[in-house]
Amino acid sequence: MNSVVSMSSSAKAALIFLLVIGEQNVGALNNGLALSPPMGWSSWNHFHRNYNETLFYETAKAMANNGMKALGYTYVNIDGGWWAGSDTGHVTRNQSGYIQVNKEKFPNGIDKLIEFIHSQDLKWGHYTDGGVHFCNGDKPASYGYEEQDSKLFASWGIDMIKIDACGDNGLSSQKIMTTWEKNLNATGRPVLISNCRNSCLLPKAWQSWCPDVANMWRSSGDIGASWQRVMNNLKSLIGAGEKGGPGRWNDPDFLEVGNMPLLESRSHFSLWCVTSSPLIAGNDLRNMSKDILNILTNQEAIAVNQQYSGNAGDQVAVNGSTEVWAKPLMGTGNYLNHAVVLLNRDDKEEQTVTCPFSSLGMSMGIRCQVRDLWSHEDMPFALGSVQRSLKPHDVAFLKLSNCTQA
């Protein structure tokens with residue numbers, strides 16, 4: 001089944017962004033962090049609240065030894081369940097309001113764990129909810145305790161914090177996030193701030209204050225280890241390429257690579273790379289196949305993710321169940337290089353997907369060198385378009401360079 005991809009209305013807007021070199025008129029949190037999309041690992045997608053300190057010690061060692069750290073995977077992130085009273089409905093705080101750590105899960109303390117993380121030249125990502133209760137109903141969460149929690153977390157040496165929104169109960173998200181930014185800044189410790197669903201969902205609910213108080217913000221609801229969930233979260237990035245940039249990144253949620261079939265894992269990773277999404281692995285790094293490790297450590301794919309040339313990446317063409325996502329890259333001569341992902345979103349049918357160079361702001365008379373970023377092979381020059389026949393849920397991840405007038 002063949003389908004030539006045509007320009008969508010959102011693609012026309014995205015095209016304008018892709019042609020602009022330099023940062024857009026979007027603010028950014030001025031803390032010097034996340035100048036490229038953050039990379040690391042999080043416990044949530046695979047383990048949820050079922051963990052203890054051993055998982056984090058072993059995962060840090062795995063990252064240090066399997067090549068991930070050397071490629072930029074830096075943050076080891078915990079999620080919900082670390083507090084005393086987890087899953088009881090009641091969070092334990094002392095008389096001064098300082099939250100207590102779950103001693104059954106962390107008998108040696110989180111501060112000692114963070115010391116070890118830092119000894120591995122890695123960084124610690126922490127978690128809280130900005131509202132009155134955590135996502136499992138435990139309360140109180142951090143609302144009203146921002147000063148105590150910021151001071152405590154900074155004293156432990158955290159390097160990143162994910163601030164959730166399950167317990168906002170109609171509270172002002174802008175107030176919650178602004179209060180957190182203010183209190184974290186007052187500690188003097190540089191902390192990457194990740195806003196999880198606090199009024200920055202894209203595209204309809206975007207708030208201009210979001211990049212002023214966070215380095216990354218969730219563009220979508222929660223991801224899951226299914227093709228449909230990944231596609232739903234990808235959809236939130238349509239037209240959002242202009243929002244992302246150094247210090248301010250769209251976050252369609254963390255990776256499910258390794259929690260899904262191999263082909264879908266590769267497609268998922270490709271799409272997160274071409275949209276400059278944070279590369280936060282969510283599988284069990286201690287027990288993964290070589291094929292999954294090869295996906296997570298594809299240097300050419302990661303290089304695309306980490307480069308910024310005026311736009312974070314966007315959907316540039318769509319027709320039915322086929323799409324083209326693209327991102328401008330630095331180039332030489334009169335034309336930008338581009339990273340392009342051809343996507344067959346269809347569940348059953350093989351599709352031929354075409355990316356006309358006109359969808360990238362180039363004329364049909366342009367010829368470009370094509371490199372396949374999964375086979376790591378240079379392909380013949382393409383004139384006016386690139387095309388691939390793809391299985392259901394498959395992608396082609398290509399780099400176009402050395403573009404000239406034919």
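Looking only at side-chain heavy atoms (C-beta outward), W206 and P211 come within less than 4.5 Å of each other. The closest side-chain heavy-atom distance from I99 to T92 is not below 4.5 Å. Considering only heavy atoms from C-beta on, D372 stays 4.5 Å or farther from F397 through its side chain. Side-chain contact between V213 and L29: absent, with no pair of heavy atoms (C-beta onward) separated by less than 4.5 Å. At a threshold of 4.5 Å between non-hydrogen side-chain atoms, the residues T354 and V386 do not count as touching. At least one side-chain heavy atom of F47 sits less than 4.5 Å from a side-chain heavy atom of L55. With contacts defined as side-chain heavy-atom distances shorter than 4.5 Å, the pair D87/R49 qualifies.
A salt bridge does not link K175 to D168: none of the charged side-chain nitrogens sits closer than 4.0 Å to a carboxylate oxygen. At a threshold of 4.0 Å, the pair R371-E300 counts as salt-bridged, since one of the basic side-chain nitrogens sits closer than that to a carboxylate oxygen. The pair R286-E58 meets the salt-bridge criterion, with a side-chain N (NZ, NE, NH1 or NH2) lying under 4.0 Å from an Asp/Glu carboxylate O. Between D159 and R189, at least one side-chain N (NZ, or NE/NH1/NH2) sits under 4.0 Å from a carboxylate O, which counts as a salt bridge. A salt bridge between D222 and R197 is present, with a side-chain N of the basic residue lying under 4.0 Å from a carboxylate O of the acidic one.
Taking all atoms of both residues into account, the shortest heavy-atom contact from L271 to V341 is CD2-CG1, 3.7 Å. For the residue pair L342 and L390, the shortest heavy atom distance occurs at O-CD1, 3.3 Å. Nearest heavy-atom pair across S220 and S236 is CB-OG, 3.6 Å.
Between the side chains of D149 and S142, at least one donor N or O lies within less than 3.5 Å of an accepting N or O. There is no side-chain donor-acceptor pair under 3.5 Å between S42 and N77. Using modelled atom types, one finds a donor on one side chain and an acceptor on the other under 3.5 Å when comparing S36 with Q306. Using a 3.5 Å distance cut-off with no hydrogens or angles, the side chains of S385 and Q387 do not pair a donor with an acceptor. Remark: the H46 side chain and the N259 side chain contain an N/O donor-acceptor pair separated by less than 3.5 Å. Under the 3.5 Å distance criterion, with hydrogens and angles disregarded, no donor-acceptor pair is assigned to the side chains of N344 and D346. Side chain to side chain, S276 and K327 meet the donor-acceptor criterion of an N or O pair below 3.5 Å. N215 and N31 are linked by a side-chain donor-acceptor pair at a separation below 3.5 angstrom, with hydrogens and angles left out of the test. Side chains of S265 and E256: a donor-acceptor N/O pair is absent below 3.5 angstrom, by distance only.
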Given the rule in the salt bridge (Lys or Arg N to Asp or Glu O under 4.0 Å) test, do D164 and R218 qualify, once you have shown the distances and angles that lead to the verdict? CA-CA 10 Å; D164 216 332; R218 280 280 291 280; 6.0 Å; no
Checking N298 against W374 for the side-chain hydrogen bond (donor to acceptor under 3.5 Å, both in side chains) test, could you report, in this order, the C-alpha distance in whole Å, the side-chain angles of both residues, the deciding distance, and whether it holds? CA-CA 8 Å; N298 182 331; W374 286 112; over 6 Å; no
Carefully, step by step, assess F254 and W41 under the rule ring-ring contact (aromatic ring centres under 6.0 Å, His included). CA-CA 8 Å; F254 298 160; W41 171 87; over 10 Å; no
H268 vs W227, ring-ring contact (aromatic ring centres under 6.0 Å, His included): CA-CA, chis, key distance, verdict: CA-CA 9 Å; H268 175 21; W227 182 251; 8.6 Å; no
Report the C-alpha separation of L296 and L285 in whole Å, then their side-chain angles, then the decisive distance to 0.1 Å, and conclude whether the side chain to side chain contact (heavy atoms under 4.5 Å, CB included) test is met. CA-CA 10 Å; L296 292 171; L285 301 186; 4.3 Å; yes
side-chain hydrogen bond (donor to acceptor under 3.5 Å, both in side chains) evaluation trace for S401 with N337: CA-CA 5 Å; S401 60; N337 294 339; 4.8 Å; no
Give the intermediate values and the outcome of side-chain hydrogen bond (donor to acceptor under 3.5 Å, both in side chains) for residues N185 and E181. CA-CA 6 Å; N185 186 56; E181 191 276 331; 4.9 Å; no
Run the side chain to side chain contact (heavy atoms under 4.5 Å, CB included) check on L255 and I280 step by step: do they pass? CA-CA 6 Å; L255 292 165; I280 309 294; 5.9 Å; no
Pair K112, E53 - check salt bridge (Lys or Arg N to Asp or Glu O under 4.0 Å), show working. CA-CA 10 Å; K112 295 298 182 184; E53 64 181 28; over 6 Å; no
Intermediate values then yes/no, salt bridge (Lys or Arg N to Asp or Glu O under 4.0 Å), R266 and D291: CA-CA 10 Å; R266 192 182 73 164; D291 287 335; over 6 Å; no
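Two rings, from W209 and W217, have their centers 6.0 Å or more apart. For F153 and W82, the gap between ring centers is short of 6.0 Å. Checked against a 6.0 Å centroid threshold, the rings of F56 and W124 count as neighbours.
With K399 contributing its side chain and L329 its backbone, the two residues share no donor-acceptor pair below 3.5 Å. Of the possible polar contacts, none joining the T187 side chain to the N183 backbone as a donor-acceptor pair under 3.5 Å is found. A donor-acceptor contact shorter than 3.5 Å links the side chain of D314 to the backbone of G239. A donor-acceptor distance shorter than 3.5 angstrom exists from the side chain of W249 to the backbone of A34, with no hydrogens or angles considered. Remark: the backbone N or O of K123 is not paired with any side-chain donor or acceptor of T74 at under 3.5 angstrom. The closest donor-acceptor contact from the side chain of E146 to the backbone of G144 lies under 3.5 Å. A distance-only check finds a donor-acceptor pair linking the side chain of D253 to the backbone of I223 [under 3.5 Å]. Under a 3.5 Å cut-off, the side chain of N233 and the backbone N or O of P252 do form a donor-acceptor pair.
Under the 6.0 Å distance and 45° angle rule, R93 counts as a cation-pi partner of Y145.
For the side chain to side chain contact (heavy atoms under 4.5 Å, CB included) with L343, the qualifying choice from Q351, Q315, M231 is M231, the only one to do so.
Taken from OG in S194 to CD1 in I163, the straight-line distance is 8.0 Å, to the nearest 0.5 Å. Distance check: Q174 CD to S199 OG gives 9.0 Å after rounding to the nearest 0.5 Å. Annotation: the span from I193 atom CD1 to M177 atom CE amounts to 6.0 Å, rounded to 0.5 Å. Interatomic distance, L234 CG to R229 CZ, rounded to the nearest 0.5 Å: 14.5 Å.
The number of heavy atoms from other shown groups lying within 6.0 Å of CD (Q405) is above 12. Summarising the local packing, NZ of K139 is surrounded by 12 or fewer heavy atoms from other residues, nucleotides or ligands at distances under 6.0 Å. The number of heavy atoms from other shown groups lying within 6.0 Å of OH (Y143) does not exceed 12. Residue D347 qualifies as enclosed at atom CG: its count of foreign heavy atoms under 6.0 Å is above 12.
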